[in-house]
Amino acid sequence: MHETLKKFQCCNFQEALTLDLNDRGLKKVILRHDIDFSPFSALSMAKIETEMGAISNYTVMLGSDAYNPFEPKTRSCLKEIAHMGHNIGLHFDASAENIGKEEELDSEIAKHAKILESLLDVEISFFSYHNTNEFVLTCGKSHYGGIVNCYAKAIFDVFNYTSDSHGIWLYESWLGHLSRENNFLQILTHPVW
């Protein structure tokens with residue numbers, strides 16, 4: 001993280017869509033953490049990032065087999081992450097909602113985002129897909145349900161991406177990206193790993 005913050009400024013997904021890509025001096029990183037299993041591990045990570053001066057983007061599932069965001073201790077944990085200045089977004093599983101058509105995404109994502117907003121008293125302005133599949137990866141519009149799509153073509157065409165999905169680096173490692181000349185990075189980690 002130290003090396004990342006020496007080279008890059010943190011940004012959120014809304015900012016990512018509005019960057020002046022002709023400004024060669026810009027060096028932006030989106031730090032994203034999908035909370036698949038443990039909000040409490042996410043809170044530990046958020047505290048470390050806050051101490052280091054990093055602002056990250058955490059996504060929360062409404063329907064997880066591993067945690068319940070409606071449970072008071074979990075809700076308090078998630079609110080604490082937001083109070084530190086980190087951004088909270090929706091982690092949305094289209095297959096769990098039986099969505100197979102792009103036009104069905106808007107209403108379901110908007111509905112889930114409103115529930116999460118009400119639950120945590122924060123603005124939900126972005127979402128990431130949980131259990132990505134071929135269908136959702138073809139849904140590349142910048143917004144669904146009125147909020148930014150982390151997998152938007154406009155973001156993925158600009159930001160080099162890596163993820164520690166399933167506990168291994170997909171594509172190229174975080175350090176590998178730092179060793180190359182990049183102006184824009186999106187780094188996805190999962191607090192459980």
**Study point:** Partner set under salt bridge (Lys or Arg N to Asp or Glu O under 4.0 Å) for Glu104, not counting sequence neighbours
**Key:** none
Check your understanding: With Arg24, which residues qualify under salt bridge (Lys or Arg N to Asp or Glu O under 4.0 Å), at least two apart?
Key -> none
Rounded to the nearest 0.5 Å, how far does [atom2] of [Y] lie from [atom1] of [X]?
X	Y	atom1	atom2	answer
Cys150	Phe92	SG	CZ	13.5 Å
Leu178	His2	CG	NE2	13.0 Å
Glu97	Ser107	CD	OG	10.0 Å
Tyr58	Asp34	OH	CG	11.5 Å
Thr162	Leu188	OG1	CG	8.5 Å
Glu49	Met1	CD	CE	4.0 Å

With the 4.5 Å side-chain cut-off for hydrophobic clustering, are [X] and [Y] part of the same group?
X	Y	answer
Leu105	Leu137	yes
Val29	Trp169	yes
Val158	Phe13	yes
Met45	Phe8	no
Val60	Val136	yes

Which atoms form the tightest heavy-atom contact between [X] and [Y], and what is the distance?
X	Y	answer
Gly145	Ala110	O-CB, 3.7 Å
Leu119	Pro69	CD2-O, 3.4 Å
Gly85	Ile55	O-CG2, 3.4 Å
Leu90	His112	CD2-CB, 3.6 Å
Ile155	Asn149	CD1-O, 3.7 Å

Is it the case that the side chain of [X] and the backbone of [Y] share a donor-acceptor pair, with hydrogens and angles ignored and the cut-off at 3.5 Å?
X	Y	result
His86	Ala46	yes
Lys7	Lys27	no
Asn182	His177	yes
Glu117	Ile124	yes
Thr138	Phe135	yes

With a 3.5 Å cut-off and no angle check, do the side chains of [X] and [Y] form a donor-acceptor pair?
X	Y	value
Thr189	Asp164	no
Asn12	Asn57	no
Thr4	Trp174	yes
Glu102	Tyr144	yes

**Study point:** Check against side-chain contact (heavy atoms from CB on, under 4.5 Å), Arg32 and Ser163
**Key:** CA-CA 9 Å; Arg32 184 176 116 215; Ser163 168; over 6 Å; no
Under the side chain to side chain contact (heavy atoms under 4.5 Å, CB included) rule, collect the residues that match up with [X], sequence neighbours excluded.
X	result
Ser41	Ser38, Pro191
Leu26	Leu19, Asp23, Lys28, Phe184
Ala154	Leu17

Point to revise | Residue pairs fulfilling salt bridge (Lys or Arg N to Asp or Glu O under 4.0 Å) with at least one residue in residues 136-156, sequence neighbours excluded | key: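 As it turns out, the salt bridge (Lys or Arg N to Asp or Glu O under 4.0 Å) pairs with a partner in residues 136-156, which skip direct neighbours, are Lys153-Asp157.
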**Study point:** salt bridge (Lys or Arg N to Asp or Glu O under 4.0 Å) contacts in which one or both residues fall within residues 124-134, not counting sequence neighbours
**Key:** none
Point to revise | Evaluation steps, side-chain contact (heavy atoms from CB on, under 4.5 Å), between Leu43 and Met84 | key: CA-CA 10 Å; Leu43 177 58; Met84 285 185 237; 3.2 Å; yes
**Study point:** Test ring pair (Phe, Tyr, Trp, His ring centres under 6.0 Å) applied to Tyr129 - qualifying residues, sequence neighbours left out
**Key:** Phe127, Tyr151
Revision key, fill the gap. Hits for ring pair (Phe, Tyr, Trp, His ring centres under 6.0 Å) against His130, two or more places apart or cross-chain, chain-then-number order -> His91
Check your understanding: Does Asn131 have any side chain to side chain donor-acceptor pair (under 3.5 Å) partners at least two apart in sequence or in another chain, and if so, which?
Key ->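 Side chain to side chain donor-acceptor pair (under 3.5 Å) check on Asn131 returns Asp93.
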Check your understanding: Just wondering, do Val192 and Asp36 contact through their side chains at under 4.5 Å, heavy atoms?
Key ->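 Asp36 does not reach Val192 side chain to side chain.
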Review point. Do you know which of Ile30, Leu31, Ile187 makes side chain to side chain contact (heavy atoms under 4.5 Å, CB included) with Ser56?
Key: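 So the option named by the test is Leu31.
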**Study point:** Residue pairs involving residues 65-74 (criterion side chain to side chain donor-acceptor pair (under 3.5 Å); sequence neighbours excluded)
**Key:**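 Sorted result for residues 65-74: Glu71-Thr74.
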**Study point:** Summary of side chain to side chain donor-acceptor pair (under 3.5 Å) pairs that have at least one residue in residues 75-85, sequence neighbours excluded
**Key:** Lys79-Asp121
